[in-house]
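Below is one structure, written out as structure tokens; the observations come after it.
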Amino acid sequence: MVTVRLPDGREVQHPDGVSLMQILQAIGPGLAKAAVAARVNGETRELFSTLSNTTVELQALKLDDPAALQMARHSTAHVMAEAICALWPQTKLVYGPPVDGGFYYDIDLDHKLTPEDFPRIEERMAAIVKEDRPFTRYEVPRDAGMKKLVAEGNDYKVDNAQRADGDVLSFYVTGQPNSGCWEDLCKGPHVPSTGRIGAFKILQVAGAYHHGDANKKQLQRVYGTTFPDKKLLQAHLDQIEEAKKRDHRKIGQELGLFTLDAMVGTGLVLWKPRGAVIRYTLENFIRGELVRRGYQPVYTPHIGRLELYRTSGHFPYYKDSQYPPIFDNDTARFLNDLWEATVERKDAAGFNAGEQRALQRLDDLDPEIRTTLKTRGFSDEGGKADRNQNAIRTMLAESDGYLLKPMNCPMHMRIYGSEPRSYRDLPIRLAEFGTVYRYEQSGEVNGLTRVRGFTQDDAHLFCTPDQVEQEMADCVDLTRLVLKTLGMNDYRVRIGLRGDGDKFIGAREDWDQAEEAVRRAVKKADMSATEAAGEAAFYGPKIDFIVKDCIGRDWQLGTVQIDYNNPKRFNLRYIGDDNAEHRPVMIHRAPFGSLERFCGILIEHFEGAFPTWLAPVQAAVCSVSEKSEAYARDVFALCQQAGLRVELDASSERIGAKIRRATLEKTPYVLVIGEQEVAGRSVNVRTRSGAQLGNFTIPEFLHAVAQEIAERRLTLLATASGAAPG
RNA sequence: GCCGAUGUAGCUCAAUGGUAGAGCACGGCUUUCGUAAAGCCGGGGUUGAGGGUUCGAGUCCCUCCAUCGGCUCCA
């Protein structure tokens, strides 16, 4: 006997083996029709599952329930897969889970799907929905199931089955079993039938590696989403479109903040005057904090010897993500030419023209290089391109040269090491807006959020082991201050731990010690954070502040990292109170992370409407006509002298057009100057959000705005009714 | 780096394989106006670059470059 307790407190009883669907039908056919799943004792179950000999709490779930919607999305993935298989029978299905906001299905298909195929697929899906076929689960013993899958010849599904837990394998037929209907290996659960999946849409198709392995065959990943009804689906699509209006690349272009120029190079940012204002204002904000917190500014060069980065472990550890070394004599250029020449015709039997030229230069230039190359295996017999390339590569790796700096810490460590240090000096906090260069993969470069040259608001703190916890907590505090000041409250904190893997340097004990210190610092700062194994820096664990961009991608901004390894590599020391040498601990920290990425996210955060203290232009002085132009010029000059970033619009446009232009540029204040203002020696203040604040004397206005700026307020000056929205 | 899509004036976009266009922006002139767009006129292009097919290419094909979306990576 099954006893079911319903949400309204009612209890009903059913015989053993009753399905959830039957229970719901007994309550009411309307409910059974509307429900797609049920929650049984808190667990989401599909309606064809049965109960026996139990007492449960049961709640019917419609598509408006998140768990039920998740289920429907998974079911939609099946419907889509069936449609694709129907249209392209050679399709091999791989894996099709629900994800945040929708679902995808990975397929292996030679025909490259394009958005033009989507309507056909959707049409087919609609037909499957119309047939309203049940999702029927059946289970077979593991061995039999494997046999069946092997016979079907889809290696991916065999692979999936091998990874699945349990003694049985489950399949879902879209229809009655043994009816020839489409079926798929799947652990479920599903909605009752194809007619219940809701409103769906295929969104995009993209490449994806099988099991995330770049060495394996690339699959096609078809993305889609499902909502309870068409209206909600459309609302979701509209919301995506709306979010795209915040895109920093779009706003950066519209407001003239920065530009990315193919001639300058991929991922290299040109800050235009208006964007530069935002950046240097943020820099100055931090500088003020650093003074208060006992940091000392330093400056270091943009390149440094390979020896430096060999010592730190950056080279050749991250060789592939660095710009190639710069060599300090003709050797590099020559080796490069020789390399190019050997690449040119790798399979040639003899020397090609390029190789011959290079070899000629080899003789002319420096017999010693030729000798060195030969000892590295270089052959001048021709047709040995691979061997020769290896010789050149080896020689390049062994040569001394300079690297565009990928990180600031090695240079800061050399500053620390440049004089003897006492425990009385610690902690030493060296700060620099340090520009670094990393050769990010071409497919990764993205607006301001992922670039190849960027500036970190970097600092390295050298301290005694017992200072670590406090210093880290202070760094976390500074990062939170920065985010709070800008009203960025939508972030999460992640502790990156070592985990397994071979990409980390240093002794296990040091790591354990460091990871404990990080945990204690987070606790001390009273923050909630998730831990992620394998997300540490290569030299130590870290605390990352992570935010989302306008299309939901995660980006790391601020970071606090602890490093027991590099002080060892650079043999950093201090003299303790016991008059013996000790090893300092180093903390890397950057509250913004990279100025580029931070500004990118900030643009999206404010949708380009920066608070006054950050706004590129803080006020636009607009004359109504020629009669008020002279006074408008006075107002402009007075504002500028008071330190306000102000612009003058004395053109012959109408006042409405001037206001419109300033408003579209998101200038916080428009000062309308007409004959009334001339007469009253005043300014009429309007905000970008359309609020009219009335007339101020110039000193009144300057005073009010100066205060707003000094306080770094996030809202504009207000009328009596309250703050004008940003 | 991989898969796919895209690339036309400063910006947003048109243009059956058959004379490259519009709006905004920009320049000139007229207008001097009170809270989100005055009017007229004008200048702007090796259609991302280079090859190919064709009588003829923005349009079809190839290579490269750049951008976008995923994947992978991210000190």
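So that the names make sense, note that chain A is the first sequence line, chain B the second, and so on, each numbered from 1.
- A:T266 comes within 4.0 angstrom of the backbone, heavy atoms only, and of no base.
- Contacts of A:E653 with the nucleic acid, taken as non-hydrogen atoms under 4.0 Å apart, include base atoms.
- Among the nucleotides B:A75, B:C3, B:G34, the one closest to the side chain of A:K112 is B:C3.
- Mapped onto RNA chain B by nearest heavy atom, A:C409 and A:H210 fall at different nucleotides, with A:H210 at the one closer to the 5' end.
- Contact annotation for A:V436: no contact, since no heavy-atom pair falls under 4.0 Å across all strands.
- The interatomic distance linking A:H111 (NE2) with B:G4 (P) rounds to 12 Å, in whole Å.
- Residue contacts for A:R553: at a heavy-atom cut-off of 4.0 Å it reaches the sugar-phosphate backbone alone, with no base atom in range.
- A:G212 comes within 4.0 angstrom of the backbone, heavy atoms only, and of no base.
- With B:G34, B:U32, B:A75 as the candidates, the nucleotide lying closest to the side chain of A:V672 is B:G34.
- Under the 6.0 Å cut-off for aromatic ring centres, A:Y539 and A:H588 qualify, their centroids lying closer than that.
- Of the candidate nucleotides B:G70, B:C71, B:C68, B:C68 has the atom nearest to the side chain of A:R249.
- When heavy atoms are screened at a 4.0 angstrom cut-off, A:Y104 is found touching no nucleic acid atom at all.
- Atom CD in A:Q253 sits about 19 Å away from atom P in B:C24, given to the nearest Å.
- Per the stacking criterion (ring centres < 5.5 Å, plane angle < 30°), A:Y318 stacks onto the base of B:A75.
- We find that CG of A:L270 is positioned 15 Å from P of B:A66, with the value rounded to whole Å.
- Taking atom CG of residue A:L664 and atom C1' of nucleotide B:U12, one finds them 14 Å apart after rounding to whole Å.
- Considering only the side chain of A:R686, B:A36 comes nearest among B:A38, B:C71, B:A36.
- Heavy atoms of A:Y209 sit under 4.0 angstrom from at least one base atom.
- Within the nucleic acid shown, A:R221 comes within 4.0 Å of sugar-phosphate atoms alone, with no base atom in reach, counting heavy atoms only.
- Classification of A:R438 and A:E596 as a salt-bridged pair fails, no side-chain N sitting under 4.0 Å from a carboxylate O.
- Among the nucleotides B:A75, B:U32, B:U35, the one closest to any side-chain atom of A:N684 is B:U35.
- Remark: A:R221 qualifies as a cation-pi partner of A:Y104 under the 6.0 Å distance and 45° angle criteria applied to the six-membered ring.
- Side-chain atoms of A:M413 and A:H460, non-hydrogen and from C-beta on, never get closer than 4.5 Å to each other.
- Looking at heavy-atom distances under 4.0 Å, A:E675 makes contact with a base.
- Residue contacts for A:A206: at a heavy-atom cut-off of 4.0 Å it reaches a base atom on one of the strands shown.
- Put simply, A:N446 has no side-chain N or O that comes within less than 4.0 Å of OP1 or OP2 on B:C74.
- Per the geometry, CG belonging to A:L268 stands 10 Å off P belonging to B:U67, to the nearest Å.
- Aromatic pair A:Y669/A:F701: ring centres closer than 6.0 Å.
- For the pair A:R452 and A:Y437, the cation does not sit on the ring face, since its NZ or CZ is not both under 6.0 Å from the ring centre and inside 45° of the axis.
- Checking B:G34, B:G1, B:G70 against the side-chain heavy atoms of A:Q204 singles out B:G70 as nearest.
- Aromatic rings from A:H314 and A:F538 are positioned such that their centres are separated by under 6.0 Å.
- Straight-line distance from the CG atom of A:L260 to the P atom of B:C11: 13 Å, rounded to whole Å.
- Comparing B:U35, B:A75, B:A37 against the side chain of A:I655 picks out B:U35 as the nearest.
- At whole-Å resolution of the value, CZ in A:F258 and P in B:G10 are 19 Å apart.
- Distance from the side chain of A:M407 is smallest for B:A75 among the nucleotides B:C73, B:A75, B:U35.
- Note on A:G694: nothing from the nucleic acid sits closer than 4.0 angstrom, heavy atoms only.
- Among the protein residues, A:E665 comes within range of no part of the nucleic acid, since none of its heavy atoms lies under 4.0 Å from any strand.
- A:Q556 comes within 4.0 angstrom of no nucleic acid atom, judged by non-hydrogen atoms across all strands.
- Across all strands shown, A:R661 has no heavy atoms under 4.0 Å from either base or sugar-phosphate atoms.
- For A:I659, the side-chain atoms get nearest to B:A36 when compared with the rest of B:A37, B:A36, B:G70.
- Side chain of A:S652, nearest nucleotide from B:A36, B:A38, B:A75: B:A38.
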